[in-house]
Amino acid sequence: MELPEEEMESPNLKVGEEKEIGKMGLKKKLLKEGEGWDRPNNGDQVEVHYTGTLLDGTQFDSSRDTGTPSKFNLGQGQVIKGWDEGIKTMKKGKNALFTIPPELAYGESGSPPTIPPNATLQFDVELLSWTSVKDMCKDGGILKNIITEGEKWDYPKDLDEVFVKYEARLEDGTIISKSDGVEFIVEEGYFCRALAEAVKTMRKGEKVLLNVKPQCELEFYYPISDFQFCLCKFIDNQSFADAFGESGRPASGEEGGVPPNASLQVDLELVSWKNVSDITKDRKVLKKTLKEGEGYERPNDGAVVQVKLIGKLQDGTVFTKKGYDDEQPFEFKIDEEHVIDGLEKAVKNMKKGEIALLIIQPDYAFGPSGSPQEYAIVPPNSTVYYEVELLSFVKEKESWDLNTPEKIEAAGKKKEEGNALFKVGKYERASKRYEKAMKFIEYDSSFSDEEKQQSKALKITCNLNNAACKLKLKEYKQAEKLCTKALELDGRNVKALYRRARAYLHLVDLDLAERDIKKALEIEPENRYVFVPSVTNLNMDVKMEYKILKQKVREFNKKDAQFYGSMFAKLNRLERARTATSKQEPVPMTIDSKA
């Protein structure tokens, strides 16, 4: 029986007043105000003093007489339902008298010899304190009791490498596993699933007590510690796992056995952890932070960075080393292909002074061909490892750092860089340059009239050139959108109409493609050739494209005719067969499932 918020205690309830909680006859009378506004939640461990009596005043139990408060986990069925529902409406220090009907107490059977059948009970309860307990599995399988609060506000994630201390015991206190310090990857786990689940909800320095039930099907894990050569499943080393629960687990080495259906208690401390980032979101470039950097700034595209680095193969062979042994720091510019793609992407996600370990899969390293390096040859399809320290960087200026003439100049420079990349077939990188150029001049309301004209010309050119990139990359919808943007600035731009028509052709929107080609021919009826920007070095014949369009339309219509002709032919055959059958016997009003 869960109580909605409106049925929780009213803030206007005064000392001496009584009200009903829920709709099953549970009543609460306020005897003493509590502190603050917080109340315990299901799973929290509460500590209370109480006195229980029958309606005639006969006392049957009291923690006050023994001087020992009662402790239990709220909402876990460890006490009668009336307690579970009543105590969660209380604040720390509050004292209340609960009148509990038999349905929420001991029911028809009572609790001989002190509580008769169908007895309504009264409890004078004082909530002394509670400890927050989190139900990790939402089924009572793993309960986390916070003993010591942690620092800061961040938590480890699946790929992070955590350092913990723990002690696991059976309910009788028998220690079955213990460590004064062990490191493991969160999603790979260690010892049992409860540790991995718990650390994801813990902060640095936090200490907890875990109550682990057998039904959560814990798995035992054995450690693999060397990040440089594993991150476990990323290079085929799998942790070993054994399920226990109903079957338990035999003793192994220094670790004790777990009987069948045994519950565990685990003291766990999250000492620290190292962040591991999935840079490319496909787990092919992973960055583990060994030393945190300074501040919040990171390099952007075009930034000049200085680093120290060592590159190794999986077997530990060093193939490159830069910035060490009195060498000058290794300097390169982001997004200029001075280093492998994975290294560049990772450095973009580092802060000044940060030291990181990188694992880079072949797709972002030297690929299927490999590469000879300073100290060794990187074989084909090699996963490589770098330890990198970002010493310093100078960011490329963003648009908000520039005045208007500088923005126009920067946009022009990015456009020329894009043109150069297009000429050598690097369409994706060229596209990024055109997009960067657009960012410099995106907002031009404060420009002078002359500057607005310059900005408009650059916008048209960059959108058109970027559309050419998207056509090469077969991103036809993006190409169509870019051409439309150019046409919004210049509705009679033949290049934009032509490129958009090409995009429409590939999107099989033939009517729109025909409309654009016709309009281009109307604008320049005598000009047989329409030139794409100089970056393509190609002349495209609009009339030839129109001829191709007409051919596509004919093919499309022919396919349509074949499809519908075939369909109608089948329908005619079915109708003839049905007519012939109807002459012999009545046709039932059903559908032939084989038709």
Side-chain angles (χ1 to χ4, degrees), residues 42-47 68-79 129-150 155-156 162-186 188-225 239-273:
N42 285 341
D44 289 354
Q45 186 180 72
V46 298
E47 183 177 40
T68 304
S70 175
K71 293 182 180 180
F72 63 94
N73 293 104
L74 196 61
Q76 303 302 308
Q78 297 174 4
V79 293
S129 65
W130 75 85
T131 304
S132 291
V133 175
K134 183 174 182 180
D135 186 350
M136 306 287 298
C137 300
K138 307 301 181 186
D139 62 357
I142 305 174
L143 297 177
K144 187 188 82 168
N145 186 335
I146 299 175
I147 307 301
T148 303
E149 293 284 350
Y155 304 91
V162 295
F163 183 74
V164 304
K165 297 178 182 179
Y166 77 93
E167 179 180 283
R169 304 178 299 278
L170 300 177
E171 288 184 305
D172 64 6
T174 302
I175 297 174
I176 59 169
S177 185
K178 179 179 180 179
S179 176
D180 291 328
V182 65
E183 199 167 51
F184 64 90
I185 298 162
V186 173
E188 292 300 324
Y190 183 86
F191 174 66
C192 68
R193 183 168 67 93
L195 267 65
E197 292 295 327
V199 295
K200 289 192 289 186
T201 69
M202 296 172 67
R203 294 176 289 166
K204 182 180 177 181
E206 186 171 322
K207 296 180 182 180
V208 302
L209 172 64
L210 304 178
N211 287 284
V212 186
K213 303 297 181 184
Q215 72 264 25
C216 77
E217 298 182 1
L218 301 174
E219 294 179 343
F220 279 88
Y221 295 84
Y222 294 86
I224 300 174
S225 59
S239 58
F240 179 80
D242 259 277
F244 73 88
E246 293 183 359
S247 58
R249 189 203 70 169
S252 176
E254 296 181 359
E255 296 195 341
V258 180
N261 296 314
S263 295
L264 299 180
Q265 289 188 333
V266 183
D267 290 319
L268 177 64
E269 178 184 356
L270 177 57
V271 179
S272 63
W273 79 86

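In this structure Ser179 satisfies the side chain to side chain donor-acceptor pair (under 3.5 Å) test with no other residue, sequence neighbours excluded. Residues forming a ring-ring contact (aromatic ring centres under 6.0 Å, His included) with Tyr155 (at least two apart in sequence, or on another chain): none. For Leu209, the side-chain contact (heavy atoms from CB on, under 4.5 Å) partners at least two apart in sequence or on another chain are Asn145, Ile147, Arg169, Asn211, Gln265, Asp267.
Residues Val162 and Tyr190 form no side-chain contact, since every pair of their non-hydrogen atoms from C-beta on lies 4.5 Å or further apart. Within the 4.5 Å cutoff, the side chain of Cys192 has no heavy atoms near those of the Val212 side chain.
Side-chain contact check for Gln45 and Thr131: no donor-acceptor pair (N or O, by modelled atom type) lies under 3.5 Å.
Between Lys213 and Ser263, the closest heavy-atom pair is CD-OG, 3.6 Å. Across every non-hydrogen atom of Gly257 and Ile176, the tightest pair is O-CG2, 3.5 Å. Summarising the geometry of Ala196 relative to Val186, their closest heavy-atom pair is CB-O, 3.3 Å, with the distance given to 0.1 Å. Nearest approach of Glu47 to Pro69, heavy atoms of both residues: CG-CB, 3.5 Å. Across all non-hydrogen atoms, the minimal contact from Arg203 to Trp273 is C-CZ3, 4.2 Å. For the residue pair Tyr166 and Ser177, the shortest heavy atom distance occurs at OH-OG, 2.6 Å.
Under a cut-off of 6.0 angstrom, the local environment of NZ in Lys165 is sparse, with at most 12 non-hydrogen atoms contributed by other residues, nucleotides or ligands.
No side-chain donor-acceptor contact under 3.5 Å links Asp44 to the backbone of Val46. In this structure, the side chain of Lys144 engages the main chain of Thr201 through a donor-acceptor pair within 3.5 Å.
Across Glu206, Lys200, Lys204, a single residue satisfies side-chain contact (heavy atoms from CB on, under 4.5 Å) together with Met202, and that is Glu206.
To the nearest 0.5 Å, atoms CD1 (Ile142) and CG (Leu264) are separated by 10.0 Å.
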